[in-house]
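First up is the structure itself, then whatever we jot down about it.
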Amino acid sequence: MIKTQEDREDLAQEVYLKVFDKLASFKFNSKLSTWVGTITYNTCLKFLEKKKIPILDVTNKEGAESWDMLESKALGSDYSPIESYIFKKESGQVLASEIEKLPPLYKTIITLYHNEEMSYREIGEITNLPEGTLKNYLYRARKQLRESLLLNYNIEDL
Amino acid sequence: MKAEHLSDHEIQRYAFDSLECKTDVIEHMSSCSLCKKRVESYLALSNSIQDLPEPQLAFDLSNRVLTQLETTAGKRSILNYFIYSLIALGLVVIISCLFYSAGVLIDLFKSYSGISLTLVVSVALLISFGITADMLRSYNKKINMLNY
Ligand SMILES: [Zn+2]
């Protein structure tokens with residue numbers, strides 16, 4: 001969620017001390033990891049707010065047509081390029097960097113859902129988002145990620 | 001069967017929340033290889049994200065936090081000594097009270113008949129058992145919750 005190393009260190013320390021302070025008020029009605037996650041998420045949110053970094057890109061740069069064209073091009077061929085591309089060992093680096101480029105909120109929910117394998121309920125608790133909204137964001141986040149990977153592939157291939 | 005191909009939203013719902021899919025979507029999926037490919041592509045994406053290493057902090061957090069905590073640790077230990085000495089003082093007071101009032105207590109028990117004495121003792125034991133069991137139960141529950 002946070003880009004620079006220095007800020008990450010400061011925020012991690014802040015979160016750790018906050019958790020330490022608030023541990024006595026932990027209500028035992030959720031898992032400890034979710035509770036710590038909520039504190040972390042809110043701390044980062046406050047930080048991004050202060051730096052005036054939006055957690056979501058509201059502007060939809062890519063037009064719908066260009067995406068459809070891209071996708072049909074990718075799927076029209078006999079083999080499915082995105083799979084063969086993603087399955088390549090060395091592409092983990094590319095994938096990680098594309099995730100890194102997503103807006104902070106998308107990056108967070110993608111990581112929590114696919115990488116940390118949390119449930120909708122747990123992520124909803126951390127981000128304070130209702131399940132419907134969360135799913136919608138996840139759909140958009142995955143679409144954007146896949147789109148950028150397809151673009152990446154095409155650029156490299158052509 | 002649905003005439004048009006599925007939207008990206010429907011494709012993702014089929015891939016990740018298949019229980020929420022409408023029947024016409026499922027019908028389309030059973031007969032359209034292109035949309036099947038799109039679903040597979042999303043699943044492949046999901047798998048590759050899963051295979052990425054979990055994000056790690058690239059620095060020693062515990063070291064930083066420990067140095068921060070050391071500055072407050074001094075104050076905390078003084079507070080701890082204060083609390084311990086309070087507890088010790090309380091114990092001394094209780095024991096000396098018992099010691100001096102032992103004679104009175106023995107007289108009190110003697111004046112009761114055997115039956116009422118048993119009654120009082122067993123009720124007291126029952127209550128303390130109940131409280132102990134409750135404490136143990138809530139302790140176990142909390143420890144289980146911490147097991148994240
Ligand atoms: Zn189709």
Side-chain angles (χ1 to χ4, degrees), chain A residues 1 5-6 8-10 12-13 15-17 20 26-36 64 67-68 71-72 74-76 79-89 91-96 99 107 110-111 113-117 120 135-136 138-140 142-143 145-147 149-150, chain B residues 4-17 19-20 32-73 76 138-148:
Chain A
M1 219 170 158
Q5 184 65 27
E6 201 177 308
R8 280 179 187 175
E9 290 189 26
D10 287 343
Q13 181 175 348
V15 166
Y16 202 94
L17 292 171
F20 207 78
F26 180 49
K27 291 291 191 299
F28 290 98
N29 44 21
S30 59
K31 281 208 268 179
L32 185 62
S33 55
T34 321
W35 182 73
V36 173
W67 161 242
D68 283 344
E71 196 184 30
S72 61
L75 293 164
Y79 67 106
S80 191
I82 189 150
E83 273 114 89
S84 54
Y85 177 64
I86 288 172
F87 280 134
K88 267 194 270 170
K89 254 258 168 348
S91 66
Q93 205 62 44
V94 180
L95 179 60
I99 293 176
K107 195 175 129 191
I110 284 266
T111 311
Y113 186 84
H114 288 288
N115 197 242
E116 307 275 351
E117 290 166 75
Y120 287 132
K135 277 184 191 170
N136 257 322
L138 260 174
Y139 288 159
R140 276 185 246 163
R142 280 191 292 249
K143 187 180 172 193
L145 180 61
R146 184 158 169 259
E147 195 173 55
L149 280 170
L150 280 176
Chain B
E4 289 165 28
H5 285 306
L6 301 176
S7 70
D8 187 76
H9 203 100
E10 287 167 319
I11 290 290
Q12 288 198 50
R13 184 179 293 153
Y14 187 87
F16 302 109
D17 305 298
L19 292 175
E20 296 170 15
C32 178
S33 60
L34 181 79
C35 286
K36 248 182 230 164
K37 241 186 206 179
R38 291 162 74 197
V39 168
E40 276 162 22
S41 145
Y42 266 115
L43 290 176
L45 179 63
S46 166
N47 284 333
S48 337
I49 301 173
Q50 213 175 312
D51 289 343
L52 290 178
E54 284 191 19
Q56 300 282 329
L57 290 170
F59 57 95
D60 189 3
L61 177 65
S62 54
N63 204 8
R64 282 187 58 144
V65 171
L66 280 178
T67 47
Q68 181 90 7
L69 282 179
E70 267 162 20
T71 53
T72 52
R76 273 169 206 265
S138 77
Y139 172 78
N140 277 334
K141 202 177 141 202
K142 287 183 180 186
I143 288 298
N144 278 336
M145 303 276 312
L146 284 176
N147 198 4
Y148 59 98

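Here is the naming used below: chain letters follow the sequence lines, and residue numbers restart at 1 for every chain. On a predicted model such as this, the values are computed, not experimentally measured, just so you know.
- Taking CG of Asp8(B) as the reference point, atom CZ of Arg146(A) lies at 7.0 Å (rounded to 0.5 Å).
- For the atom pair NE2 (His114(A)) and OG (Ser48(B)), the distance works out to 10.0 Å, reported to the nearest 0.5 Å.
- A cation-pi arrangement is not found for Arg13(B) relative to Tyr139(A), the charged atom failing to lie both closer than 6.0 Å to the ring centre and inside a 45° cone about the ring normal.
- Note that the CZ atom of Phe16(B) and the CZ atom of Arg142(A) stand 4.0 Å from one another [nearest 0.5 Å].
- When side chains are defined from C-beta on, Leu145(A) counts as touching Ile49(B), because their heavy atoms get closer than 4.5 Å.
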*Run the side chain to side chain contact (heavy atoms under 4.5 Å, CB included) check on Tyr113(A) and Gln50(B) step by step: do they pass?*
CA-CA 9 Å; Tyr113(A) 186 84; Gln50(B) 213 175 312; over 6 Å; no
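- When heavy atoms are compared at a cutoff of 4.5 Å, Ile99(A) approaches chain B solely by way of its side chain, counted from C-beta outward.
- The CD atom of Gln12(B) sits 8.0 Å away from the CG atom of Leu138(A) when rounded to the nearest 0.5 Å.
- The structure places CG of Leu95(A) at 6.5 Å from CG of Leu45(B), a figure rounded to the nearest 0.5 Å.
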